[in-house]
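For the numbers below, each heavy atom of this structure counts, side chains included, while hydrogens, waters and symmetry mates do not. Below, chain A is the first sequence line, B the second, and so on; all start at residue 1.
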Amino acid sequence: MQLSEQELIRRKKLEDLRTLGVEPYPAALYPVNHTSKKAKNEYEEGKQVIIAGRLMSARIQGKASFAELQDSEGRIQVYFNRDEICPGDDKTKYNDIFKKLIDLGDFIGIEGELFTTQVGEKTVMVKDFTLLSKTLRPLPLPKTDADGNIHDGFTDPELRYRMRYVDLVVNPQVKDVFVKRTKLFTAMRNFFNDKGYFEVETPVLQPIPGGAAARPFITHHNSLDIPLYMRIANELYLKRLIVGGFDGVYEFSKNFRNEGMDRTHNPEFTAMEIYVAYKDYNWMMEFTENLLEYCATQVNGTTEATFGEHKVDFKAPYARVTMTDAIKQFTGFDITGKTEDELRAAAVEMGIEVDDTMGKGKLIDEMFGEKCEGNFIQPTFITDYPKDMSPLCKAHRDNPELTERFELMVCGKEIANAYSELNDPIDQRERFEAQLALAARGDVEATEFIDQDFLRALEFGMPPTSGLGIGMDRLIMFLTNNQSIQEVLFFPQMKPEKKQVELNDDEKVVFEILKKQTPIALPTLKEAAGLSNKKWDKAIKGLTAKKVAKVEKTGDDLIVTAL
RNA sequence: GACUCGGUAGCUCAGCUGGUAGAGCACAACACUUUUAAUGUUGGGGUCCUGGGUUCGAACCCCAGCCGGGUCACCA
């Protein structure tokens, strides 16, 4: 491994510390009794405190130094005075250990007493300090000046996401986002638990991926020798639990979808789904607006939130607009009672791309998505979706073409989706079959599996139920004013970092040829390389061992492929 | 997937018309006992993303690739 100059220096300091009898990674606990925040909030002149954290800045002025210690709750200034730390003749601990061998980023423990400096900063006068863990890599060190400007920020998104641990250390505002994320989950959980609803867990590995239309990840179970799918939704399992007699069940569900990645889509994401028996979607709308008002207040202390250029207010109640009215409002077209052909013609007139795989529901959905969706900035319930795009939703009590469904739109984006759940098992079977027909017609979004066990469960009877799903990542984006999902996930999915592989000279020769033409027949490659038999054999075996090339037998031919 | 912008020191970035690779922070050395983006002096540090090509000469121009950002498409 190639080490930078600074890394070599820090490794050398490890040795020097051990020579002086200082263990850089001590085993014993350190008896911390204050955090930086507690020391400042419960400040008393002369109070003895024991704190620990990373040393994040140092202003050395000869025999005295000011430094900043950062712990989980922030930073506090610490004052190192040579004669306080080294009351006797031996000044090694200050002169050598502190000034030379401790680096920015190191974890140290400090015993000292509180005082206030001449410039009014609450500070810990260090009486003794202990190295708790040495850091071998230099941290990026953003600095904030008197005007609040950040210099030398650690801002490159790639580095920040790949090394989130560093991001969290040096960018306090990043930590705040994740604190809020956890507050949101806690708030939602409390809201549900207070009402007596029951948090459950359902399978992530599913034999049939149901409850949504999305491409799943496929895996394989060895001893059962069957394919299993990572869940794309947990809806069908939660409804089975309503069949089983729970009045209300919810789950924070990590879902996995094998689709494109961008700033609003990560392959794994978190949804919250809740199902409540004996309710309908009207009840659920009221429940949802109360829930979000509560959550926004718990997270931000206010119902108002800023998202980009928009100010939104999560205070209940929210506007309710039917999909028909929304389309009428923004396009002037009334979808009521129209045939598929009439809808298609209207869509074309609106400048929407259509094709023959689109059914009525899809056409209406496109009209809404293209012309209406973006206009709903304040939280708005869009209700009564077309039947053939909602296969798990009960038909509307007043209009059999529609369903009792709503989505909650905020800043033109969907953050929640809810139904009066379909509990007629015969209707449900027909809807699944209609989806199969759509899939056969070429609609890649239509569900192509029928979950027979779910239908069997419904045949045992499910009470009237309303269900709600909330995209937790989207919601926290709104509550923390982040435009990108990567900012609200600790570890967003990234392409793996390419590891540098060391090749010897013969291997390089072969690999260069292989890169220009891959795959290539093995004899051709061997001839082109011009190596002796022995060298050739070593080189090609070296390349396959380092997993930069592979050799495959196709019939009688050996084929070499660069990886 | 398309378009577009970027990849230079540990971090943030500059680098002119193709002509010996730069700054600030960080690091090392010295000075400095109430500073706070501490300060002053001195010094070290580079696979200019990778591989080809053009050229007397490439961080810079051309081609291919890798990684990332943004926009769009896709994604109930």
Side-chain angles (χ1 to χ4, degrees), chain A residues 2-10 12-13 56-68 75 77-84 94 99-100 103-105 115-121 123 125 135-163 166 170 211-215 232-233 257-265 267 269 353 361-362 364-366 368-369 373 385-386 388-393 405 407 414 417 435 443-447 469 483-484 486 494-498 500 508 511-512 515-516 562:
Chain A
Q2 192 81 18
L3 294 178
S4 70
E5 183 196 29
Q6 293 194 41
E7 289 172 299
L8 291 169
I9 288 168
R10 289 188 179 213
K12 172 71 165 52
K13 288 178 180 180
M56 294 301 284
S57 74
R59 296 178 288 279
I60 294 176
Q61 301 171 73
K63 297 178 188 66
S65 308
F66 288 93
E68 278 180 301
R75 292 186 181 190
Q77 179 166 271
V78 292
Y79 175 63
F80 289 83
N81 182 305
R82 190 189 66 182
D83 298 326
E84 294 286 341
Y94 179 80
K99 273 173 71 178
K100 301 215 186 286
D103 285 302
L104 298 185
F115 77 109
T116 303
T117 63
Q118 289 180 359
V119 285
E121 180 99 14
T123 303
M125 166 90 71
T135 165
L136 295 182
R137 292 174 184 258
L139 284 168
L141 289 169
K143 294 216 164 96
T144 308
D145 68 19
D147 301 326
N149 303 312
I150 294 174
H151 302 262
D152 303 307
F154 182 60
T155 53
D156 182 339
E158 175 171 6
L159 290 172
R160 287 182 45 235
Y161 302 155
R162 287 195 193 280
M163 298 193 285
V166 174
V170 305
R215 280 178 66 191
I232 55 176
R257 297 187 181 177
N258 203 343
E259 291 166 351
M261 289 166 58
D262 59 33
R263 72 179 200 294
T264 57
H265 295 83
F269 65 98
E353 278 185 40
K362 183 79 182 161
I364 293 168
D365 186 42
E366 288 290 326
F368 180 76
E373 194 172 63
Y385 282 61
D388 60 345
M389 52 184 294
S390 312
L392 297 163
C393 185
R405 171 179 181 180
E407 288 193 357
E414 166 206 345
N417 184 17
Q435 286 289 304
D443 185 343
V444 291
E445 291 166 12
T447 309
Q483 309 284 326
S484 133
Q486 284 81 9
M494 307 281 282
K495 279 205 192 184
E497 288 178 82
K498 215 169 180 153
Q500 293 281 349
K508 278 182 193 159
F511 192 59
E512 282 309 313
K515 264 202 305 194
K516 281 178 197 149

The criterion is salt bridge (charged side-chain N to carboxylate O under 4.0 Å, His left out); which residues satisfy it with [X], sequence neighbours excluded?
{"X": "D83(A)", "answer": "K91(A)"}
{"X": "R405(A)", "answer": "E407(A)"}
{"X": "D103(A)", "answer": "R10(A), K13(A), K134(A)"}

Q: Mind checking side chain to side chain donor-acceptor pair (under 3.5 Å) for R160(A) and listing every partner two or more places apart, or none if nothing turns up?
A: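 R160(A): side chain to side chain donor-acceptor pair (under 3.5 Å) contacts with D167(A), E487(A).
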
Q. Residues two or more places apart in sequence or in another chain: which of them pass side chain to side chain donor-acceptor pair (under 3.5 Å) with T144(A)?
A.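 Partners of T144(A) by the side chain to side chain donor-acceptor pair (under 3.5 Å) criterion come out as none, since no residue qualifies.
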
Could you let me know what [N] is paired to, Watson-Crick or G-U wobble, both distances under 3.5 Å, or none if it's on its own?
{"N": "C11(B)", "answer": "G24(B)"}
{"N": "G46(B)", "answer": "none"}
{"N": "A58(B)", "answer": "none"}
{"N": "G18(B)", "answer": "none"}
{"N": "G70(B)", "answer": "C3(B)"}
{"N": "C75(B)", "answer": "none"}

Atom [atom1] of [X] to atom [atom2] of [N]: distance rounded to whole Å?
{"X": "N258(A)", "N": "G1(B)", "atom1": "CG", "atom2": "C1'", "value": "15 Å"}
{"X": "R160(A)", "N": "C67(B)", "atom1": "CZ", "atom2": "C1'", "value": "17 Å"}
{"X": "N81(A)", "N": "U35(B)", "atom1": "CG", "atom2": "P", "value": "14 Å"}
{"X": "E407(A)", "N": "A76(B)", "atom1": "CD", "atom2": "C1'", "value": "7 Å"}
{"X": "M261(A)", "N": "C67(B)", "atom1": "CE", "atom2": "C1'", "value": "13 Å"}
{"X": "I150(A)", "N": "U12(B)", "atom1": "CD1", "atom2": "P", "value": "14 Å"}
{"X": "R215(A)", "N": "C75(B)", "atom1": "CZ", "atom2": "P", "value": "12 Å"}
{"X": "Q118(A)", "N": "U33(B)", "atom1": "CD", "atom2": "P", "value": "14 Å"}

Taking the same atom, [atom1], in [N] and in [M], what whole-Å distance lies between them?
{"N": "C66(B)", "M": "U50(B)", "atom1": "C1'", "result": "7 Å"}
{"N": "U42(B)", "M": "G57(B)", "atom1": "P", "result": "39 Å"}
{"N": "G1(B)", "M": "C75(B)", "atom1": "C1'", "result": "13 Å"}
{"N": "U17(B)", "M": "C62(B)", "atom1": "P", "result": "14 Å"}
{"N": "U8(B)", "M": "G45(B)", "atom1": "C1'", "result": "14 Å"}
{"N": "C16(B)", "M": "C27(B)", "atom1": "P", "result": "30 Å"}
{"N": "G69(B)", "M": "G46(B)", "atom1": "P", "result": "29 Å"}
{"N": "A76(B)", "M": "C63(B)", "atom1": "P", "result": "37 Å"}

Q) Taking for each residue the nucleotide of RNA chain B with the nearest heavy atom, is it H265(A) or D156(A) whose nucleotide lies nearer the 5' end? A) D156(A)

Q.
Please compare N417(A) and T123(A) by the position of their nearest nucleotide in RNA chain B and report the one closer to 5'.
A. T123(A)

Q: Check every atom of U33(B), U35(B), G70(B) against the side chain of R263(A) and return the nucleotide holding the closest atom.
A: G70(B)

Q) Choosing from U34(B), A76(B), C32(B), which nucleotide comes nearest the side chain of P391(A)? A)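 From the listed options, A76(B) comes nearest.
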
Q: State, with a plain yes or no, whether a side-chain heavy atom of L139(A) is found less than 4.5 Å away from one of L104(A).
A: no

Q | Validation row: F80(A), K99(A) side chains within 4.5 angstrom (heavy atoms) | A | no

Which part of the nucleic acid, if any, lies within reach of [X] when heavy atoms closer than 4.0 Å are counted: base, sugar-phosphate only, or nothing?
{"X": "Y79(A)", "answer": "base"}
{"X": "T155(A)", "answer": "sugar-phosphate"}
{"X": "D262(A)", "answer": "base"}
{"X": "R75(A)", "answer": "nothing"}

Just N and O in the side chain of [X]: are any of them under 4.0 Å from OP1 or OP2 of [N]?
{"X": "K100(A)", "N": "C30(B)", "value": "yes"}
{"X": "K13(A)", "N": "A28(B)", "value": "yes"}
{"X": "R10(A)", "N": "C27(B)", "value": "no"}

Mind listing the N/O atom pairs, protein and nucleotides 36-40 of chain B, below 3.5 Å?
| unit_1 | atom_1 | unit_2 | atom_2 | d |
| --- | --- | --- | --- | --- |
| U36(B) | O4' | R59(A) | NE | 3.2 |
| U36(B) | N3 | E121(A) | OE1 | 3.2 |
| A37(B) | O4' | T144(A) | O | 3.3 |
| A37(B) | N1 | H151(A) | ND1 | 3.0 |
| A38(B) | OP2 | R59(A) | NH1 | 3.1 |
| A38(B) | N6 | I60(A) | O | 2.7 |

Restricting to nitrogen or oxygen on both sides, can you table the protein-nucleotides 6-10 of chain B pairs closer than 3.5 Å?
| unit_1 | atom_1 | unit_2 | atom_2 | d |
| --- | --- | --- | --- | --- |
| G10(B) | N7 | Q6(A) | NE2 | 3.4 |

Q.
With side-chain hydrogen bond (donor to acceptor under 3.5 Å, both in side chains) as the criterion, how do Q486(A) and S484(A) come out once you've worked through the C-alpha distance, each side chain's angles and the decisive distance to 0.1 Å?
A. CA-CA 5 Å; Q486(A) 284 81 9; S484(A) 133; 3.0 Å; yes

(Q) Please enumerate all residues that pass ring pair (Phe, Tyr, Trp, His ring centres under 6.0 Å) together with Y385(A), with sequence neighbours excluded. (A) none

Q. Sequence neighbours excluded, which residues qualify as ring pair (Phe, Tyr, Trp, His ring centres under 6.0 Å) partners of Y79(A)?
A.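 Result, ring pair (Phe, Tyr, Trp, His ring centres under 6.0 Å) vs Y79(A): F66(A), F115(A).
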
Q. Of E68(A), R59(A), E121(A), which meets side chain to side chain donor-acceptor pair (under 3.5 Å) against Q77(A)?
A.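 Only one of E68(A), R59(A), E121(A) forms a side chain to side chain donor-acceptor pair (under 3.5 Å) with Q77(A), namely R59(A).
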
Q | Nearest-0.5 Å distance that lies between atom CD1 in I60(A) and atom OH in Y94(A) | A | 6.0 Å

